[in-house]
Amino acid sequence: MVHADPSHDPVQTQRDWNRTYQALAHAPASRYTALRRRLIGLSRRLALDVPRTERADLRRRVREPS
């Protein structure tokens, strides 16, 4: 079941996920927990708001220059 919430922009959420993932890759150990929790929250939001069949397209759109 998809729980689309119009207040959440899936493109912005995916961009936030990408930025958080990169930050986690380069963060000091003292920030791991906070970044992992943020990544989990963003992942949950994407899983609920974006149908599985559209997730690859969303990731592709985010990577394309505006």
Side-chain angles (χ1 to χ4, degrees):
M1 179 189 318
V2 176
H3 302 281
D5 181 350
S7 67
H8 293 134
D9 175 19
V11 173
Q12 185 59 49
T13 302
Q14 183 65 51
R15 284 184 182 130
D16 292 345
W17 190 98
N18 291 351
R19 284 188 201 111
T20 304
Y21 189 86
Q22 285 299 315
L24 180 61
H26 303 293
S30 62
R31 294 200 53 219
Y32 284 174
T33 301
L35 290 169
R36 286 180 58 223
R37 286 182 180 154
R38 173 139 174 82
L39 201 57
I40 290 168
L42 291 167
S43 295
R44 183 181 306 121
R45 183 180 299 167
L46 287 167
L48 292 174
D49 292 349
V50 180
R52 184 175 296 238
T53 57
E54 296 177 18
R55 292 181 193 160
D57 181 53
L58 175 63
R59 287 190 298 270
R60 211 177 358 262
R61 285 189 307 176
V62 168
R63 277 187 254 128
E64 292 175 356
S66 308

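Please read these numbers as outputs of a predicted model, since none were measured by experiment.
- The CD1 atom of Ile40 sits 11.0 Å away from atom CG of Leu35, with the distance rounded to the nearest 0.5 Å.
- For Arg55, the CZ atom sits in a packed shell: over 12 heavy atoms of surrounding residues, nucleotides or ligands are nearer than 6.0 Å.
- Remark: the Asn18 side chain and the Gln14 side chain contain an N/O donor-acceptor pair separated by less than 3.5 Å.
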Exercise. Any chance you could lay out the side chain to side chain donor-acceptor pair (under 3.5 Å) test for Gln12 and Asp16, step after step, and finish with the verdict?
Key: CA-CA 6 Å; Gln12 185 59 49; Asp16 292 345; 2.9 Å; yes
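- Taking the side chain as every heavy atom from C-beta outward, Val62 and Arg59 never approach each other to under 4.5 Å.
- The stretch residues 11-34 participates, sequence neighbours left out, in these ring-ring contact (aromatic ring centres under 6.0 Å, His included) pairs: Trp17-Tyr21.
- Taken to the nearest 0.5 Å, the CZ atom of Arg31 stands 10.5 Å off from the CZ atom of Arg38.
- The CZ atom of Arg15 lies 13.5 Å from the OG1 atom of Thr20; values are rounded to the nearest 0.5 Å.
- Looking at Pro10 and Leu58, their side chains come closer than 4.5 Å, going by heavy atoms from C-beta outward.
- Inter-residue side-chain proximity for Arg36 and Leu39 is flagged as unmet; no heavy-atom pair is nearer than 4.5 Å.
- Taking OG1 of Thr13 as the start and CG of Leu48 as the end, the distance is 11.0 Å to the nearest 0.5 Å.
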